[in-house]
Amino acid sequence: MKLFIDRFESPLGEIMLVTDGECLCALDFAEYEPRMRGLLSKRYPAVDWLVKVDPQGLRTKIQAYLAGDYRSLIEIDVNAGGTAFQQLVWQELRKIPVGTTVAYGEIATNIGRPTAARAVGMANSLNPVAIVIPCHRVIGASLQLTGYAGGLVRKQWLLAHEGVSLSPAAIDKDRERISKRLDRQNLTTTNKIE
(Lines give C-alpha, C1' and ligand atoms only; values in the text may rest on other atoms or scores of the structure.)
Protein backbone atom coordinates (compact mmCIF):
# COMPACT_ATOMS: atom_id res chain seq x y z
CA MET A 1 0.00 0.00 0.00
CA LYS A 2 1.28 3.46 -0.87
CA LEU A 3 0.60 6.39 1.42
CA PHE A 4 1.58 9.91 0.51
CA ILE A 5 2.81 12.25 3.24
CA ASP A 6 3.15 16.02 3.12
CA ARG A 7 4.50 18.40 5.76
CA PHE A 8 4.09 22.14 5.98
CA GLU A 9 4.39 24.97 8.46
CA SER A 10 1.28 26.60 9.89
CA PRO A 11 0.36 29.01 12.70
CA LEU A 12 -0.11 25.85 14.83
CA GLY A 13 3.33 24.43 14.05
CA GLU A 14 4.31 21.84 11.48
CA ILE A 15 1.36 19.87 10.14
CA MET A 16 1.58 16.45 8.52
CA LEU A 17 -1.10 15.02 6.30
CA VAL A 18 -1.35 11.54 4.86
CA THR A 19 -3.44 10.45 1.91
CA ASP A 20 -4.01 7.13 0.18
CA GLY A 21 -4.22 8.90 -3.17
CA GLU A 22 -7.98 9.31 -2.93
CA CYS A 23 -8.86 10.39 0.61
CA LEU A 24 -7.21 12.10 3.55
CA CYS A 25 -6.26 9.35 6.04
CA ALA A 26 -4.50 11.38 8.73
CA LEU A 27 -3.72 14.94 9.72
CA ASP A 28 -1.63 15.61 12.80
CA PHE A 29 1.11 17.80 14.20
CA ALA A 30 4.77 16.89 13.69
CA GLU A 31 5.54 16.15 17.33
CA TYR A 32 2.85 13.45 17.25
CA GLU A 33 4.23 11.64 14.21
CA PRO A 34 4.94 8.39 16.14
CA ARG A 35 1.30 8.25 17.29
CA MET A 36 0.04 8.99 13.78
CA ARG A 37 2.25 6.33 12.19
CA GLY A 38 1.24 3.85 14.90
CA LEU A 39 -2.46 4.36 14.21
CA LEU A 40 -1.90 4.11 10.46
CA SER A 41 0.20 0.95 10.80
CA LYS A 42 -2.81 -0.79 12.39
CA ARG A 43 -4.86 0.01 9.28
CA TYR A 44 -2.09 -0.42 6.74
CA PRO A 45 0.42 -3.06 7.97
CA ALA A 46 2.68 -2.85 4.89
CA VAL A 47 3.18 0.75 3.78
CA ASP A 48 5.42 2.48 1.30
CA TRP A 49 5.71 6.08 2.53
CA LEU A 50 6.10 8.52 -0.34
CA VAL A 51 6.68 12.23 0.11
CA LYS A 52 4.38 14.27 -2.10
CA VAL A 53 3.84 18.02 -1.96
CA ASP A 54 0.19 19.08 -1.80
CA PRO A 55 -1.35 15.73 -2.74
CA GLN A 56 -4.88 16.20 -4.11
CA GLY A 57 -4.61 19.89 -3.18
CA LEU A 58 -5.03 18.98 0.49
CA ARG A 59 -2.25 21.27 1.75
CA THR A 60 -3.83 24.15 -0.19
CA LYS A 61 -7.24 23.45 1.36
CA ILE A 62 -5.86 23.24 4.91
CA GLN A 63 -3.89 26.45 4.39
CA ALA A 64 -7.03 28.13 3.03
CA TYR A 65 -8.91 27.13 6.20
CA LEU A 66 -6.08 28.49 8.35
CA ALA A 67 -6.28 31.75 6.36
CA GLY A 68 -10.03 32.05 7.06
CA ASP A 69 -11.72 30.12 4.24
CA TYR A 70 -13.73 27.81 6.49
CA ARG A 71 -15.60 26.22 3.59
CA SER A 72 -12.39 24.75 2.17
CA LEU A 73 -12.60 21.76 4.53
CA ILE A 74 -16.07 20.69 3.40
CA GLU A 75 -14.81 19.30 0.10
CA ILE A 76 -12.15 17.06 1.65
CA ASP A 77 -12.92 13.35 1.42
CA VAL A 78 -11.79 11.48 4.52
CA ASN A 79 -11.00 7.83 5.16
CA ALA A 80 -10.35 7.76 8.89
CA GLY A 81 -10.79 4.02 9.44
CA GLY A 82 -11.95 3.22 12.97
CA THR A 83 -14.74 1.12 14.40
CA ALA A 84 -18.37 1.57 13.35
CA PHE A 85 -18.98 3.61 16.53
CA GLN A 86 -15.93 5.83 15.93
CA GLN A 87 -17.00 6.44 12.34
CA LEU A 88 -20.46 7.42 13.55
CA VAL A 89 -18.97 9.91 16.02
CA TRP A 90 -16.54 11.32 13.45
CA GLN A 91 -19.34 11.77 10.90
CA GLU A 92 -21.33 13.66 13.53
CA LEU A 93 -18.33 15.87 14.29
CA ARG A 94 -18.19 16.97 10.65
CA LYS A 95 -21.75 18.30 11.05
CA ILE A 96 -20.76 20.81 13.76
CA PRO A 97 -20.88 24.25 12.16
CA VAL A 98 -17.78 26.44 12.19
CA GLY A 99 -17.83 28.86 15.10
CA THR A 100 -19.91 26.65 17.38
CA THR A 101 -19.20 24.13 20.10
CA VAL A 102 -21.10 21.13 21.41
CA ALA A 103 -20.76 18.97 24.49
CA TYR A 104 -19.76 15.29 24.38
CA GLY A 105 -23.20 14.36 25.69
CA GLU A 106 -24.85 16.24 22.87
CA ILE A 107 -22.88 14.25 20.31
CA ALA A 108 -23.88 11.04 22.13
CA THR A 109 -27.54 12.04 21.99
CA ASN A 110 -27.31 13.04 18.33
CA ILE A 111 -26.01 9.60 17.36
CA GLY A 112 -28.74 7.86 19.35
CA ARG A 113 -26.53 6.81 22.28
CA PRO A 114 -27.41 9.36 25.01
CA THR A 115 -25.49 7.52 27.74
CA ALA A 116 -22.30 7.18 25.71
CA ALA A 117 -20.65 10.54 26.46
CA ARG A 118 -17.47 8.84 27.68
CA ALA A 119 -17.29 6.62 24.61
CA VAL A 120 -17.76 9.72 22.44
CA GLY A 121 -14.86 11.32 24.31
CA MET A 122 -12.69 8.27 23.63
CA ALA A 123 -13.61 8.25 19.92
CA ASN A 124 -12.88 11.97 19.83
CA SER A 125 -9.42 11.39 21.31
CA LEU A 126 -8.64 8.78 18.62
CA ASN A 127 -9.64 11.00 15.70
CA PRO A 128 -6.81 10.58 13.17
CA VAL A 129 -7.77 13.59 11.06
CA ALA A 130 -7.43 16.72 13.19
CA ILE A 131 -9.03 19.98 12.03
CA VAL A 132 -10.94 18.38 9.11
CA ILE A 133 -12.86 16.15 11.52
CA PRO A 134 -13.30 19.04 13.97
CA CYS A 135 -12.95 17.37 17.34
CA HIS A 136 -11.68 20.75 18.61
CA ARG A 137 -15.32 21.95 18.57
CA VAL A 138 -16.31 19.49 21.31
CA ILE A 139 -16.13 20.79 24.87
CA GLY A 140 -17.12 19.53 28.29
CA ALA A 141 -20.67 19.87 29.59
CA SER A 142 -19.36 22.51 32.01
CA LEU A 143 -18.11 24.41 28.92
CA GLN A 144 -14.52 23.81 29.85
CA LEU A 145 -11.91 23.16 27.20
CA THR A 146 -11.28 19.48 27.70
CA GLY A 147 -8.60 17.31 26.15
CA TYR A 148 -7.36 17.74 22.62
CA ALA A 149 -4.78 15.34 21.21
CA GLY A 150 -2.90 18.27 19.64
CA GLY A 151 -2.85 20.17 22.94
CA LEU A 152 -5.26 22.62 24.54
CA VAL A 153 -3.34 25.64 23.25
CA ARG A 154 -4.07 24.51 19.69
CA LYS A 155 -7.71 23.78 20.54
CA GLN A 156 -8.07 27.28 21.95
CA TRP A 157 -6.38 28.77 18.86
CA LEU A 158 -8.66 26.84 16.49
CA LEU A 159 -11.80 27.88 18.35
CA ALA A 160 -10.70 31.54 18.46
CA HIS A 161 -9.79 31.33 14.75
CA GLU A 162 -13.36 30.19 14.05
CA GLY A 163 -14.80 33.05 16.10
CA VAL A 164 -15.72 31.17 19.27
CA SER A 165 -15.47 33.55 22.18
CA LEU A 166 -14.03 32.07 25.33
CA SER A 167 -14.85 35.10 27.46
CA PRO A 168 -16.80 34.50 30.71
CA ALA A 169 -19.89 36.22 29.25
CA ALA A 170 -19.77 34.08 26.11
CA ILE A 171 -19.26 30.93 28.19
CA ASP A 172 -22.33 31.80 30.29
CA LYS A 173 -24.36 32.29 27.10
CA ASP A 174 -23.12 28.96 25.68
CA ARG A 175 -23.82 27.22 29.00
CA GLU A 176 -27.42 28.45 28.84
CA ARG A 177 -27.77 27.38 25.16
CA ILE A 178 -26.37 23.91 25.81
CA SER A 179 -28.40 23.53 28.98
CA LYS A 180 -31.62 24.29 27.11
CA ARG A 181 -30.73 21.82 24.37
CA LEU A 182 -29.94 19.10 26.89
CA ASP A 183 -33.14 19.84 28.82
CA ARG A 184 -35.13 19.39 25.60
CA GLN A 185 -33.49 16.00 25.26
CA ASN A 186 -34.36 15.16 28.90
CA LEU A 187 -30.75 15.46 29.95
CA THR A 188 -29.05 17.81 32.34
CA THR A 189 -25.54 19.13 32.34
CA THR A 190 -25.00 17.58 35.77
CA ASN A 191 -25.51 14.01 34.55
CA LYS A 192 -23.16 14.37 31.59
CA ILE A 193 -19.72 12.87 31.86
CA GLU A 194 -16.92 14.63 30.02
Side-chain angles (χ1 to χ4, degrees), residues 1-67 69-96 98 102 104 107-108 110-113 116-138 146-155 157-158 161:
M1 174 72 177
K2 292 181 182 179
L3 292 179
F4 303 94
I5 188 166
D6 188 17
R7 300 169 184 270
F8 59 95
E9 288 299 323
S10 79
L12 298 167
E14 186 179 10
I15 290 178
M16 300 176 310
L17 62 85
V18 177
T19 175
D20 60 9
E22 295 179 15
C23 297
L24 181 63
C25 300
L27 189 149
D28 213 333
F29 303 98
E31 66 266 29
Y32 300 111
E33 183 171 359
R35 176 187 68 194
M36 181 192 75
R37 285 186 184 254
L39 290 171
L40 287 169
S41 71
K42 291 177 184 175
R43 292 176 55 200
Y44 307 103
V47 174
D48 289 329
W49 292 94
L50 303 170
V51 175
K52 187 171 184 180
V53 176
D54 201 16
Q56 300 148 255
L58 292 170
R59 175 196 290 202
T60 300
K61 290 176 182 176
I62 301 300
Q63 288 174 326
Y65 162 81
L66 294 169
D69 178 4
Y70 304 119
R71 298 190 51 77
S72 65
L73 301 182
I74 294 169
E75 302 170 1
I76 296 176
D77 292 325
V78 172
N79 176 0
T83 66
F85 179 80
Q86 289 169 333
Q87 290 175 12
L88 190 61
V89 170
W90 297 335
Q91 288 167 5
E92 189 65 26
L93 294 179
R94 289 200 81 183
K95 295 176 186 176
I96 305 169
V98 171
V102 299
Y104 293 100
I107 296 291
N110 289 348
I111 64 170
R113 303 276 302 274
R118 283 187 190 206
V120 166
M122 182 58 71
N124 214 37
S125 73
L126 294 173
N127 170 17
V129 186
I131 301 172
V132 177
I133 298 176
C135 55
H136 62 275
R137 296 180 190 150
V138 183
T146 55
Y148 181 65
L152 287 180
V153 170
R154 286 188 175 115
K155 182 173 187 164
W157 188 95
L158 288 163
H161 173 65

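As the structure is a computational prediction, the values presented were derived from the model and not from experiment. Note that these values count all heavy atoms, side chains included, but never hydrogens, waters or copies made by symmetry.
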Legend entry - Glu22 atom CD, neighbour heavy-atom count above 12 within 6.0 Å: no
Legend entry - Residues forming a salt bridge (charged side-chain N to carboxylate O under 4.0 Å, His left out) with Lys42, sequence neighbours excluded: none
Legend entry - With sequence neighbours excluded, residues passing side-chain contact (heavy atoms from CB on, under 4.5 Å) with Val153: none
Inset, instruction - Write out all pairs satisfying side-chain hydrogen bond (donor to acceptor under 3.5 Å, both in side chains) with one or both partners inside residues 72-82, taking only residues at least two apart or from two chains. - result: Arg43-Asn79
Inset, instruction - Would you please name every residue forming a side-chain contact (heavy atoms from CB on, under 4.5 Å) with Ser125, sequence neighbours left out? - result: Met122
Inset, instruction - Check whether any side-chain N or O of Gln86 sits under 3.5 Å from a backbone N or O of Ala123 as a donor-acceptor pair, and report yes or no. - result: no
Legend entry - By side-chain hydrogen bond (donor to acceptor under 3.5 Å, both in side chains) - contacts of Arg94 (at least two apart): none
Legend entry - For Leu58, side-chain contact (heavy atoms from CB on, under 4.5 Å) partners two or more places apart: Leu17, Thr19, Leu24, Gln56, Ile76
Inset, instruction - Could you pull out all residues at least two apart from Ala80 that satisfy side-chain contact (heavy atoms from CB on, under 4.5 Å)? - result: Val78, Trp90, Pro128, Val129, Ile133
Legend entry - Side chain proximity check, Val120 to Ile111, heavy atoms < 4.5 angstrom: yes
Inset, instruction - Test side-chain contact (heavy atoms from CB on, under 4.5 Å) on Asn124 and Ile107 and set out the steps. - result: CA-CA 10 Å; Asn124 214 37; Ile107 296 291; over 6 Å; no
Legend entry - Partners passing side-chain hydrogen bond (donor to acceptor under 3.5 Å, both in side chains) against Arg113 (at least two apart in sequence or in another chain): none
Inset, instruction - Using atom types as modelled and distance alone, determine if a side-chain donor or acceptor of Lys61 lies under 3.5 Å from a backbone N or O of Ile74. - result: no
Legend entry - For Tyr32, all residues meeting side-chain hydrogen bond (donor to acceptor under 3.5 Å, both in side chains), sequence neighbours excluded: none
Inset, instruction - Output, in order, the C-alpha distance, side-chain angles, deciding distance and verdict of side-chain contact (heavy atoms from CB on, under 4.5 Å) for Tyr44 and Val18. - result: CA-CA 12 Å; Tyr44 307 103; Val18 177; over 6 Å; no
Inset, instruction - Kindly indicate whether the side chain of Val102, heavy atoms from C-beta on, has any atom under 4.5 Å from the side chain of Asn110. - result: no
Legend entry - CD-CZ distance between Gln63 and Phe8, expressed to the nearest 0.5 angstrom: 5.5 Å
Inset, instruction - Would you please name every residue forming a side-chain hydrogen bond (donor to acceptor under 3.5 Å, both in side chains) with Asn127, sequence neighbours left out? - result: none
Legend entry - Arg59: salt bridge (charged side-chain N to carboxylate O under 4.0 Å, His left out) partners, not counting sequence neighbours: Asp6
Legend entry - pair Ile131-Phe29: side-chain heavy atoms closer than 4.5 Å: yes
Legend entry - Intermediate values then yes/no, side-chain contact (heavy atoms from CB on, under 4.5 Å), Leu73 and Ile62: CA-CA 7 Å; Leu73 301 182; Ile62 301 300; 3.8 Å; yes
Inset, instruction - Would you check if the side chain of His161 reaches a backbone N or O of Tyr65 as a donor-acceptor pair within less than 3.5 Å? - result: yes
Inset, instruction - Just jot down the salt bridge (charged side-chain N to carboxylate O under 4.0 Å, His left out) partners of Glu33, sequence neighbours excluded, or say none. - result: Arg7, Arg37
